[in-house]
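What follows is a single structure, written as structure tokens, with notes after it.
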Amino acid sequence: MRIVLFGPPGAGKGTQAQRIAAAYGIPHISTGDMLRQAVAAGSPLGLQVQEILERGHLVPDELIGEVIADRISQPDAAGGFLLDGFPRTVPQVAILERALGAKQLDRVVMLVVPDAVVEARILGRAQASAGVEGGAARADDRIETIRERLRVYKQQTEPVAEVYRQKGLLAEVDGTGTIDEVFGLVIGILGGARG
Ligand code: AMP
């Protein structure tokens with residue numbers, strides 16, 4: 001099963017991604033996690049992208065394309081994977097197609113959450129992390145960054161939905177329910193968990 005999951009920041013994408021990947025026994029590939037790990041490790045990639053992440057902007061398509069092509073060619077991704085956070089721009093759709101070669105995606109799931117709910121959720125997360133001294137605050141959860149990430153999502157990532165709709169791959173899921181409710185909807189669309 002090759003799945004793409006996307007939705008606005010604060011849609012609960014990361015949580016759903018982990019559960020879906022576990023249900024299907026496929027790796028959860030989060031470009032955001034990979035980039036944050038690179039920043040934390042101070043690797044050449046991390047140094048290149050640190051400031052971009054802090055600003056809530058997107059890293060260049062070609063750069064993230066190399067990261068994802070390398071990751072999906074690993075042996076653990078041979079039987080399928082769940083992509084969380086990629087593709088995030090229309091050009092990245094083509095980059096993914098090239099990296100997949102003869103393989104096809106099975107489904108693209110978009111979590112749909114109204115703006116007001118998204119803002120409330122991610123501002124809550126930012127305030128919670130800011131309140132925990134020495135806690136694992138995400139640098140890109142600073143409030144001024146959040147609105148920028150939402151703006152970037154609308155401008156650059158929402159058009160990706162249309163591309164996949166035209167390919168007949170898009171499934172829109174109401175992301176406003178509880179974690180269990182949303183997970184149930186996704187599994188319903190994907191056709192039930194396999195071992
Ligand atoms: P996420 O955890 O998916 O929200 O990603 C965190 C940050 O990593 C984003 O705000 C971007 O700066 C960067 N990022 C993650 N995935 C991509 C991507 N596919 N293209 C460009 N930038 C990305």
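All ligand and atom numbering here is 1-based and tracks the order in the structure.
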>> Working note: Arg71 + Asp76, criterion side-chain contact (heavy atoms from CB on, under 4.5 Å); need CA distance, chi angles, decisive distance, verdict.
In response: CA-CA 9 Å; Arg71 181 63 189 87; Asp76 68 333; 2.7 Å; yes
Atoms in ligand 1 flagged as close to [X], the criterion being non-hydrogen separation under 4.0 Å:
{"X": "Phe86", "answer": "19 (N)"}
{"X": "Val59", "answer": "21 (C), 22 (N)"}
{"X": "Leu53", "answer": "7 (C), 8 (O), 12 (O), 13 (C)"}
{"X": "Thr31", "answer": "15 (C), 16 (N), 17 (C), 19 (N)"}

Listed pairs under 3.5 Å, donor-acceptor, residues 77-86 side chains, sequence neighbours left out:
{"residue": "Asp84", "atom": "OD1", "partner": "Lys13", "partner atom": "NZ", "Å": "2.8"}
{"residue": "Asp84", "atom": "OD2", "partner": "His28", "partner atom": "NE2", "Å": "2.8"}

> Judged by non-hydrogen atoms, does Lys13 sit under 4.0 Å from ligand 1?
Replying inline: yes
>> Just to be sure I read this right, does ligand 1 sit under 4.0 Å from the backbone of Leu58, its side chain, both, or neither, counting only heavy atoms?
In response: both
>> Below a 4.0 angstrom heavy-atom separation, can you tell me which part of Ile64, side chain or backbone, both or neither, approaches ligand 1?
In response: side chain
> Are Tyr164 and Leu105 side-chain neighbours, meaning at least one heavy-atom pair lies under 4.5 Å?
Replying inline: yes
> Got Ile95 and Pro87 here, is their nearest side-chain heavy-atom distance under 4.5 Å?
Replying inline: no
>> With a 6.0 Å cut-off (strictly less than), is the heavy-atom count around CG of Leu47, excluding the residue itself, greater than 12?
In response: yes
> Under 3.5 Å, side chain of Gln92 to main-chain N/O of Arg88, donor-acceptor pair present?
Replying inline: yes
> Under 3.5 Å, is there a donor-acceptor pair between the side chain of Arg107 and the main chain of Leu169?
Replying inline: yes
>> Could you work out, for atom 10 (O) of ligand 1, the closest of Glu148, Arg149, Arg55 by heavy-atom distance?
In response: Arg149
> Nearest heavy atom to atom 11 (C) of ligand 1: which of Gln50, Glu51, His57 does it belong to?
Replying inline: His57
> Between Arg36 and ligand 1, is there a nitrogen or oxygen pair with a distance under 3.5 Å?
Replying inline: yes
>> For the 3.5 Å polar cut-off, considering only N or O atoms, please tell me whether Gln92 and ligand 1 meet it.
In response: yes
>> Can you list everything that forms a salt bridge (charged side-chain N to carboxylate O under 4.0 Å, His left out) with Glu172? Sequence neighbours excluded, please.
In response: Arg165
